[in-house]
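We name chains A, B, ... by the order of the sequence lines, and we start the count at 1 in each one.
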Amino acid sequence: MLGSAAAAMLLRNLIHSALLLILSWASVAAFYLWAGAEFAAFAQILVYVGAISMVVLFAVLLTRQNQVADVVIEPASRKRATTALTVGACLAGILSAAVVASRFPAAAVTAPATTVKLIGLELMERHGAALLIIGVILTVALIGATLLAATEAKRNPEDAP
Amino acid sequence: MTFTANHLWLIPTLPLLAAGLGALAPSKDRRLAAGSAIVAMAISFVLACLALQSALQAPATHAVANFAWFDLGASPMRLGFLLDPLTAFMCVMVTFVGLLIFIFSLGYMQADANFKQFFCFLSLFAAAMLGVLVANSLLLLFICWELVGLASYLLIGFWFHKPSAAAAAKKAFITTRIGDLGLLLGLLWLYDATGSLLFYDGGQGVLENTALAALAGQTLGGGLALSTAIGLLIFCGAIGKSGQFPLHVWLPDAMEGPTPVSALIHAATMVAAGVFLVARVYPLMQIDAALAAVPVHALTVVAFIGAITALLGAFIACGQNDIKRVLAFSTVSQLGYMMLALGVGSWTAAIFHLLTHAFFKALLFLGAGSVIHAAHHEQDIRLLGGLRPKMKITFATFAIGMMALSGVPFLFSGFWSKEAILHAAHAWDVSHLPLYAGLAAVVLTAFYMTRLVAETFLGQPRSAAAEHAHENSAVMTIPLILLALGAIGLGFLGTPAWPWLQARLSGTELHSSLHHLMEGSGLMLLSIGLVGVGLGLGWWLYGRRLRTTAEARDPLVVTAPQVMAALANRLGFDELYAATVGRLNHFTATLAQGIDRWVLGGLVNFLAQLGVFSGTVNRQLDEDGLNGGFDQISASVRGSGQRYAQAQTGEAHGYLRVMAVAFIVLALVLVLGGAR
Amino acid sequence: MSAAALTDSFLERAPLALRDWVVNFLPAPLQWLGHHLITIIAVLAVFGTFFAFTTIAERKLLARLQNRLGPNRSGLPWIKGLTLFGLSQPFADAIKTLTKEDIVPAAADKCLHFLAPVIVVAFSLMTFAVLPFGRHLIPVELDAALLYFFAAGAATELAIFMAGWSSRNKYSLLAAMRALAQLISYELPLILSVVPIVLVTSTLSTQNIVLAQGGWTFGFLPHWFVFTPWGFPAFIIFLVAALAESNRSPFDLPEAESELIAGHLTEYSGFKYALFFMAEYFGLTALSGLGVTLFLGGWQAPIAALQFIPSYAWFMLKLIGMLVFFIWIRGTLLRLRIDQLTRLAWQFLVPLALLNVGNAAFWILTASWSGPLQLIRWAISLAIIVIPFILLGRTLTAGYAPRTYRYAP
Amino acid sequence: MTPLHLCLLISSGLFCIGLTGALARSNTILVLLGIELMLNAANLNFIAFWRFGPAPSPANGMIFVLFAIAVAAAEAAVGLALIIAVYRHQKNIRLQEANTLRG
């Protein structure tokens, strides 16, 4: 997971990095599966691998520049990369030090029994309002994205997610 | 398959769905709107018949289906549906007459551009009316009652491009609102007194003994029982809706609507809602009759109002020349009869008359509609005439309706129901004045109906329109024939010899014997004689010498011109209201305007002047004193702003970096600070 | 014989018994592995042969529909004259594709070019894991099985993109984009058509959905969801969307040979091409299996009296029925244009499927209605779906006159 | 070293990779994807605490993750649509050149 993510961030080829990222997302899903969160894993795959990846790939293809421009490495970008690496390394150091140093209470032995029905009931009852808001957000995002991406009067709706 | 109160909501819902469908349907799709309305009505009719059949199995019980609507504080607001013989009979009548009128409308409104809206409104009206009937809560009843008012407004003003129709719609709406205000007050008071608005609720309802005893037990100032006061307020609603004196003025004007509307709303169903309401809350009205200490009984008021209305309506009807207005005043008069019956203590007789009246009055209105449709919307009876050979079916059915209304003995339903009322009035021990009023109205009814038929159908055609009239299509005649059959047959359900209907309504044993027929024969003979007098008088004045030209003067106008002028002017009620209520209203409005302009306006103007003055002073101070300082301050703010703006590079990376560093700092602080 | 004995007979248990018998030969620590491996191998073997015979069935059936004979020559090796109506054709095809030269374009992204067919086959096989083939036969019993099915199906799109992009061929890439557009468009009605089932059964587990369809009225009217006013339209939408999802005629635009060479598969040859072909059939079979599971009662027998036939036989029969139906459609209908295709999805199927979800909600709300109300429930439920169907259909065909043909004299 | 530690290490690693990528790359799409990675790292934490936390509640962590995924989907859709719009405007998608909002 980490390797593919790192490689994705390093590679020059946009398509390759997108595909590697998808791999990384899929491995996050595998992690969920390992942790016993089946439903979240499938949702992760469905949303990230099935939907977001498509959007990303479409976006990459729609905004493809000439290959030459991507190859030139400006001095500014090198400087930026070094700062970024420094910042990232600092943060990684601090976080892992903090994680290693902290003590957690003992974990429960078995995974909490979470059936799909339970999740559904929780979503609909306790988190009903949040669910509603998420629905509104998704609708607004759909319409907004279509409006943003569409220029011509007639355009197929699947061009935007 | 049993039909219970739980299924009762279906009956009003189906027409409501049809109305919704009609509202959504495209304007040109006539078949959809009319078809859905008629089909929904037909299904409702079948369901109502099922309801009747199930209600008759246990006529003395009130089957209810109550449910909570919303919570009001701690107590739930509950609504419900009620199935008893009264509801069931009324539902069958409304759906059956309504169905026939819907079918009739197919022909009558054929050429109208707003055909679809018409059926939509009709369905809405039917839904609301059925809602009134099935309600087991005064609140639900009131909601539907107001919906009925709305639908009637829409339908009376259906030809809204005619100023008179728009005015009539407004008049009907506002006049009935006056009565409804009383009903609303009564409703609120009742809720305050009992904490419930359900009619029947397993012993807890307002019409059941516990609540009634509590209501009758309390007295107000002047010795008036609480139940009497509430009953009278509720009766106000009935006065408005049923066109009783003194709020009868809207009903004749409502004839501006299309004729099927007049038949449906202003003859058969809506105006009957008032009678139905009083019959529904009858236990409440009745409870004070037992209290001798109470100075005025609710039902006494009802009886006298009814008597006045019956007589007044019949009188005015004699002086009208518009075919529909004659029928309208006749309706006012007949509703007076029903109220009279309610007042004198025989609510079954009132409902009996309501049912028979619905049939024959709908028949008369549809017959009038048939005449009007054939005569190219000519409504003045002086300009009609000679239609008998041209429109045989219409004439025959109209004549049946006329005889039923006049109370021609034995064969016609109106006779039996009117007899029942007169007998009840005779048996009333408080006063015999209502009986005399009723008897006088009998004569007048027979008289004006004879006049109407003679003028409209006999003699020579007196205008081009009447000349070219011809019989209408089957869509319009078949409802007439069916209604005519009803107008004849329905009477036999409630003859004194076999009072099946009354017994079923009140849930008592059925005693049938010819003996009962003989018992009241004296009064019956008297009323038969009076009907004969009325018919004879009419024939003598109008039938003997038929009118030949439209300009010829009416025989009565010749003999008593002032009286007839006053009658034609409807005894000047409209002018009276305009001179009193209208004038008062205008005066208050003027007064309010004066106060507004001079007192309040003056104050506002003064304040404004004050504001202008202080503003001038302020400006002087500002420009000279403060501005210099502020200019300097703002210049320095602008300068520092420009310096800060340098930080806004527009580069997202820069911001991201700042955020990341800040995050690192935060993490460090948290880790080193030992935050838990 | 009691009902329990009928449904739990020896035949019903035979595959399980066989598996347990084989597993017992293994040492105890390896038993679970063997258990799963045997399941996987069984699925692979059954559906591998199934695929082989679907191809020959399709060719034969299409040929008959077009008044031809179809492949009938390939016989058995070493035995002359015995051709068995060409039943061995798929094996001949397999050998042929295996031995063909594998051509990879010079500019292609070799790694992705190789990965694409592998991924597509792997993921389309994974979808079989949650289909209940019989009363006791389900490879993996998952709580969120439906979600799993669609999640696994989502990867196919990725593979198609990879195939189109890695070929380094403009037309492959364009075709891949078109294919993606189609797949994404039809994913929506496909999932929406399944939502009513989830609403009504309130479970995502395929086995439970099948169990919910058990029972008969009068012993011969099965309680399958296709026989409800919301299930029938959902089934139709599912069928159409499944056709489009598996690139079948009349939605076979992505690889319409006669118009686009072979779309995103242009640069593939040999066994890789065969893998794509195989994945397509696997996808079709899996979707048919899902349709059978969700709408046609899964492994339930159609008549109570026929329960003695083991449940997996019923499943297979229904599956074959669905496949024949798809082949029949392929032989009957003409290919759509791309604009018609997307319009159908977005302006017709999606709104209808959404309405159908509401319809199912209505069905649940009125679950307690009985007696005369039951009829009204049916009428309203039908009206909810039929009226929009007519209205939407009108807008969809607005402006299209019926086609007139002019024949040569 | 409990499983929870491991999970947290992984997630902080993922987070740092996402952050570094978002900071280093000039391509807006990749910056966006870096942010998505950071979101995923947060989700990992939710699941980790849900599974290995001291008192696991039945579904809370999972529901957090579901909502986060939904929001991420909306964010990706709008973000990429914005990128396409920006691309139309200035013919490339380098983040440092989209600086017309500078003060």
Closest approach of C:Leu142 and A:Phe42, non-hydrogen atoms and distance?
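Here C:Leu142 and A:Phe42 meet closest at CD1-CZ, 3.7 Å.
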
Would you mind reporting whether C:Leu112 and A:His16 have side-chain heavy atoms less than 4.5 Å apart?
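Yes - at least one pair of side-chain heavy atoms lies under 4.5 Å apart.
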
Find the distance between [atom1] ([X]) and [atom2] ([Y]) and round it off to the nearest 0.5 Å.
| X | Y | atom1 | atom2 | value |
| --- | --- | --- | --- | --- |
| A:Leu61 | C:Leu173 | CG | CG | 5.5 Å |
| C:Leu147 | A:Gln44 | CG | CD | 12.0 Å |
| A:Met54 | C:Phe161 | CE | CZ | 7.5 Å |
| C:Ile191 | A:Leu46 | CD1 | CG | 5.5 Å |
| A:Leu19 | C:Leu158 | CG | CG | 6.0 Å |
| A:Leu57 | C:Leu180 | CG | CG | 8.0 Å |

Examine whether an atom of [X] lies under 4.5 Å from a heavy atom of chain A, and if so say whether it belongs to the side chain, the backbone or both; otherwise answer neither.
| X | answer |
| --- | --- |
| C:Leu183 | neither |
| C:Met162 | side chain |
| C:Thr203 | neither |
| C:Leu188 | neither |

Largest heavy-atom contact set with chain A, pairs under 4.5 Å, which of C:Ala144, C:Ala154, C:Ser166
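Between C:Ala144, C:Ala154, C:Ser166, the count favours C:Ala144.
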
